[in-house]
Colleague: 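Could you have a look at this structure, given as structure tokens, before my questions?
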Amino acid sequence: MSGKLKKALAAPAKTLFAIFVALVIGALLVLPTGTTPLEAYKELWNGAFGSKINILNTLARSTPLLFTGLAAALAFRGGVFNIGIEGQLYIGAFSAALIGIYGQNLPPVILIPLCILGAMLGGLLWAVIPGILNTKYQINLVVICTMMNNIAELFTDYLCGYPFKGDIPTNATLKLGENAWLMRFDERSELNIGFILAVVCAVLLYILMFKTRFGYETRALGLNRRFTSYIGVNVNRKILAVLFLSGMIAGLAGAEQVMGVNHRFISAFSSDYGFTGITVALLGGLNPLGVVIGALFFGALENGAIQMEVMTNVSRDLISSLQAVIIMLIAAEELIRTRRGIKKVKGAGKAPSGRERKEASAS
Amino acid sequence: MNALETLLETTLRTLPPVLLAGMGGMLANRIGILNLGLEGMMLTGSFVGVIASYYTGSAYGALLIAGLASALVALIFSLFTIRFKANPTVVGVAVNMLIAGLSTYFLSVLFGVRGSFSDSNIVGLPKIALPGISEIPVLRAFNNQNLTVWLALLFVILLHYVFYHTSLGLRIRATGQFPMAVTTAGVNVKALQYGALVFGGFLCGLGGAHLSLGQLTLFTEDMTSGRGFIALAAAIFGKNTPVGTLIGALLFSFTDGVTRRIQTSGFPSMLIDMIPYIVTVVTLWIVEMHALSRRKKMLTGRASRK
Amino acid sequence: MEYSVELEGIRKVYGPVIANDDISIKVRKGSVTCIVGENGAGKSTLMNILYGLEQPTAGTIRINGETVRFSSSRDAIKKKIGMVHQHFMLVNELSVLENVIIGMEPRKGPSLNYKKARAVVSELGERFGMQVPLDEKAGDLAVGIQQKVEILKILYRGAEILIFDEPTAVLTPQETRELFANIRTLTADGKTVLLITHHLDEVMEISDDIVVVRRGKVVATLKKEETDVKQLAFHMVGSALPEECQREEKQSDQVVLAVKEITVAGANKPNAVNRLSLEVHEGEILGVAGVSGNGQSELARALAGLVPVTSGSISLCDRDITRKSRRARLLDGISYIPEDRKTDGLCLQWSIAENAIAGYYVQPAYSGRFGFINRKKMNETAERIIQEYDVRTPSAAVPVGSLSGGNQQKVVIGRETVVDPKLIIAAEPTRGVDIGAVSFIHNDIIALRNKGVSVLLISSDLDEIFRLSDRIAVMYNGEIAAIVDPSSITREELGLYMAGAKKEG
């Protein structure tokens, strides 16, 4: 096998291995419930892909994960551990909701972009404090982001429980004006145009990451920060740019949920989309196009788990444990001996020199 | 008891989780591996503590089992970071997710409940009455505290002694600075790292068990709610020294105590619940801002040394 | 004959690379044996095997006649082997005493017995004539003293066989002499010394026996009396060295770089560079000599625009660039060959092509509208560097980390010179590269100078300084101790400036 092919196959092989191990562990965890693993997984599969509606719901479930996965993939590529996606998502969602409520008389062509912009700014805003504390004072980003996540969840809970409380008993805002709703494809499913938007985002992000200067600098940042400043990039400013862009994408995830699914801001609505996004990103090899596959996979798992829980007595909480197992296995560099990256090229010493090759081609 | 004593009493009662996990985080920092899985390790202690207490009926037995279970989780963390060279940040985050998922999952498997579990069969940690102390002002806040409070304070003293007066401490301090120097001096650095992480995990487990068997006698989903990260902040605040970590932990549990007092005053509870997190952020900010300005002063100050 | 160390058929293979190939060496007790060879010849691997840091793929090691197998350095220490590493293994924040005893601390009950430790270590220092301040932090000491601490550290462990890995690389000529005197004291005491170096003069000065290693094999085992520098060099390289590029006589008064009274902060020092001034003329190589750690790195980084100066000014061709960013300077024609190519100069995981435009990717040739990178242009530049600088690689798409050190350095130097710079800051341009690449790089630097490019050469290798420089500036403690003409100064005199023992009026 040629080196290039081997390298190209090594990463997906490792990913598949991680998924396989996670499913085996999952099967073991199912055993004490009295359900056979096969039965559980069969329901999981049917729940995800058993009917047209189930498939649409799988896509619907994938949508926020696609956004958060992209947010995480961008940040992690740049070596910026943005664990604050969950919080950025809440603030983004709340901003979109406010605009959608108070601007409900605006026509959709204005209102929808406005809501989306608001959500992106909200997500960015929530990344400002971690960004500054991290770049200026070298405070661990994960610690600050975790605090910011807790604060965001509590703060939005307060906002929709007191000053902006809506017309339903739970802590939630009023409904957004219909002009701010995202179009759905089928009335029986929550799948909406946000999914298309997410896929477009993935493609754009792919181009940004691998074809442009910004991407070149971001990838350098993730691999070697000293090198990054050597090539003339202001490292701190770059970290902020990556973090802020990641926060803006996280805000989009919130906007989609508010404008396309719930049509209002409901307290604590996110079922750990921010954290699942990290898994999705790692599963997708921190590549935006890989993230699409990762998000579909987890969307299917989570959607399928709902039916699994109803039909068998296996709790859907199983899935989040499996996610963690997958992350750890993918992160383990040396677990599977597919040595990535730096390895002496075979016969490097004997390789033809540039001059020799030139002479050979000239003759 | 007057208000001050009550506050001191609450502070001590809420001290063990942050202090014990903080020392776990400090040990990890000292051997050069950032442990962001403290939260999950603590949650393990809370969960296993409740389960063990429910089945064995022994609170102290449950405490020990909780510590060992968390040590096991810490061992997994160490295996991935040291043996398999995985990024510690990613593994830390994954450990937290893993335990959060497994604890809720097993809650439904074992007891068919969701969210939280309480039962009269769960035996809480007994309070230790100190004869005579209830008459002494201020000190009487130490009366009727759980064993875990005393254990936590004891570990501070123990770790202080180990750090600065034993060869093990010298090796630990050196490892965080320059592991290769310690390796070439003939010390098994990896064993040292495993040991520090696993022992730190054990401490997290005790802290978690205090939460579910000492402060309360029940388990709820995600009951550690960020204390693992606050603990890490306490270690950073304390410049990774045992006594410094104690001071950091006291600061945070004092905040916790004060918040609990306001809780009853009819203010929206979410806003009050935010306070510990805000205090953590602000504290870290002040500590690091101070460190930065001192560094700057040192570097721009008039060069006297030639 | 009594042998302390016998290596027999040692072989070490990393994947496809054979680092040691059937190496057999016998070391007489109480002798100094030099292992010589160029970078990458496999000397360090061999010594790491002897010290238990790495395990041989095949072969046997005998210590004092007894066959041993080391799985870690602990096993080697037990057999009384000690090693002074090229990069010191000292914990800066700990005291000298703590650094010496770590790993073998005397105890009193459960506690560490500092009193006994102090007594033992100072007795040891007296015995071997190496007094060091026990209570100072190791990081605060001068390099020469740090090395003594390293030696004490292994003597404290009871070492009878001492391995020195390139011990003179960081020393002044005077300190080197002192080290050799210390080594003689040790062998007089019956200890055995193994010394790795590529400085042949030093080999002739200190050794009893000489082993030459080339491409992982022993190519010659010699007695000092039977050989000379020339023969050693021939064995080491395996062929005569390529011809040297001749320096054209050309003097210009045009000042390209003018540095006035700059002060630069270091990691723990406010004035790592202290009110330093210098000028580099057009078509001139100004060599900056000095023991590493005297502010050279900070100077280079400040000139390249990576760290700010706290005071003073820098100008390029009469234009003030003191406040200009790294990127602006690089586009203005300041090239920078950093001292550590692996962390600064290259992104090892990236291809040669991606590294070929590092820094220069912002030029319009490479990044067009909307910030898209022109991959075609990028590959063209990479191919040009590969051809003009004779980079040995199967293609431009290979990760640069997979190349040998010399070829990696050629990529850096190629990238920094194909852009037609006005000034090149070359920091340790030949560190860790093989002799063939060294002369290639030297010739390249001289050719650039002949073309009119100004070069600021920062090097701790005196051979390199003497060979390339038009003028030599000696740096000590953040200041220029002297600016001298290479033809009118001896190495010893230079050494006095380097050690701070002498300063120009």
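Letters A, B, ... mirror the listed sequences (proteins, then strands); counts begin at 1.
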Colleague: Quick one: are B:M97 and A:I327 in side-chain contact, heavy atoms under 4.5 Å?
Modeller: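 Yes, at least one pair of side-chain atoms sits under 4.5 Å.
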Colleague: Tell me, out of A:L29, A:I144, A:L322, A:N149, who's got the most heavy-atom pairs with chain B below 4.5 Å.
Modeller: A:L29
Colleague: Measuring heavy-atom distances to chain B, does A:Y158 have an atom under 4.5 Å in its side chain, in its backbone, in both, or in neither?
Modeller: both
Colleague: In Å and rounded to the nearest 0.5 Å, what is the CG to OG1 distance from B:L232 to A:T146?
Modeller: 9.5 Å
Colleague: Taking atom CZ of A:F20 as the centre, does the number of heavy atoms from other residues, nucleotides or ligands within less than 6.0 Å exceed 12?
Modeller: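 Count not over threshold, so no.
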Colleague: What is the distance from atom CD of A:E153 to atom CG of B:D273, rounded to the nearest 0.5 Å?
Modeller: 11.0 Å
Colleague: Using non-hydrogen atoms and a 4.5 Å limit, figure out which bit of A:N140 sits close to chain B: side chain, backbone, both or neither.
Modeller: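 Just its side chain gets close to chain B.
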Colleague: Non-hydrogen atoms of chain B under 4.5 Å away: do they reach the side chain of A:L282, the backbone, both or neither?
Modeller: side chain
Colleague: Give, as side chain, backbone, both or neither, the part of B:I278 having an atom under 4.5 angstrom from any heavy atom of chain A.
Modeller: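 Its backbone and side chain both get close to chain A.
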Colleague: Report, as yes or no, whether the 6.0 Å neighbourhood of atom CZ on A:F155 holds more than 12 heavy atoms from other residues, nucleotides or ligands.
Modeller: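 Not more than 12 within 6.0 Å, no.
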Colleague: What I'd like to find out is whether the side chain of A:T156 reaches to under 4.5 Å of the side chain of B:M270, using heavy atoms alone.
Modeller: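 When only atoms from C-beta onward are counted, B:M270 and A:T156 do not touch, as no gap falls below 4.5 Å.
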Colleague: How many angstroms lie between OG1 in B:T283 and CD1 in A:I139, if you round to the nearest 0.5 Å?
Modeller: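 One gets 10.0 Å once the value is rounded to the nearest 0.5 Å.
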Colleague: For A:K165, does the NZ atom have more than 12 heavy-atom neighbours from other residues, nucleotides or ligands under 6.0 Å away?
Modeller: yes
Colleague: When rounded to the nearest 0.5 angstrom, what distance separates CG in B:L36 from CG in A:L141?
Modeller: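 Going from CG on B:L36 over to CG on A:L141, the span is 10.5 Å.
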Colleague: Tabulate, in ascending numerical order, the residues of residues 99-107 of chain B having at least one heavy atom closer than 4.5 Å to a heavy atom of chain A, or enter 'none'.
Modeller: B:G101, B:L102, B:T104, B:Y105, B:F106
Colleague: Taking side chain as everything from C-beta outward and backbone as N, CA, C, O, which of these in A:L318 sits under 4.5 Å from a heavy atom of chain B? Side chain, backbone, both or neither.
Modeller: both
Colleague: Is A:L329 close to B:F84 at the side-chain level, that is, under 4.5 Å between some pair of heavy atoms?
Modeller: no
Colleague: Mind listing the closest non-hydrogen atom pair of A:M147 and B:F229 along with its distance?
Modeller: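 Taking every non-hydrogen atom into account, CE-CB, 3.4 Å.
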Colleague: Heavy-atom count check: over 12 atoms from other residues, nucleotides or ligands less than 6.0 Å from A:I129 CD1?
Modeller: no
Colleague: Report, by ascending residue number, the residues of residues 305-315 of chain A in heavy-atom contact with chain B at a distance under 4.5 Å; give 'none' if the set is empty.
Modeller: A:E309, A:V314, A:S315
Colleague: At a 4.5 Å cut-off on heavy atoms, which part of B:L34 comes close to chain A: side chain, backbone, both, or neither?
Modeller: side chain
Colleague: Between B:V109, B:T280, B:V281, B:L271, which residue shows the highest count of heavy-atom pairs closer than 4.5 Å to chain A?
Modeller: B:L271
Colleague: Please flag which part of A:N134 lies under 4.5 Å from any non-hydrogen atom of chain B: side chain, backbone, both or neither.
Modeller: neither
Colleague: Could you state the interatomic distance from CG (B:L98) to CD1 (A:I326), rounded to the nearest 0.5 Å?
Modeller: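 B:L98 CG to A:I326 CD1: 11.5 Å, rounded to 0.5 Å.
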Colleague: Pick one of side chain, backbone, both or neither for A:F275, based on which atoms fall under 4.5 Å of a heavy atom in chain B.
Modeller: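 Both backbone and side chain of A:F275 come within 4.5 Å of chain B.
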Colleague: B:V90 and A:A331: which non-hydrogen atoms are nearest, and at how many Å?
Modeller: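 Shortest heavy-atom contact: CG1-CB, 3.8 Å.
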Colleague: What part of A:I151 is in contact with chain B, defined as an atom under 4.5 angstrom from a non-hydrogen atom: side chain, backbone, both or neither?
Modeller: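 Contact with chain B involves both backbone and side-chain atoms of A:I151.
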Colleague: Kindly give the heavy-atom pair with the smallest separation between A:K136 and B:L292, and that separation in Å.
Modeller: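 Minimum heavy-atom contact is O-CD2, 3.8 Å.
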Colleague: Identify which of B:A94, B:P268, B:S225, B:S108 forms the greatest number of heavy-atom pairs closer than 4.5 Å to chain A.
Modeller: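 Of B:A94, B:P268, B:S225, B:S108, B:P268 has the most heavy-atom pairs under 4.5 Å with chain A.
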Colleague: With only heavy atoms counted, which part of B:L284 is less than 4.5 Å from chain A, the side chain, the backbone, both or neither?
Modeller: both
Colleague: Side chains of B:R114 and A:D317, heavy atoms from C-beta outward: is any pair under 4.5 Å?
Modeller: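 They are in side-chain contact.
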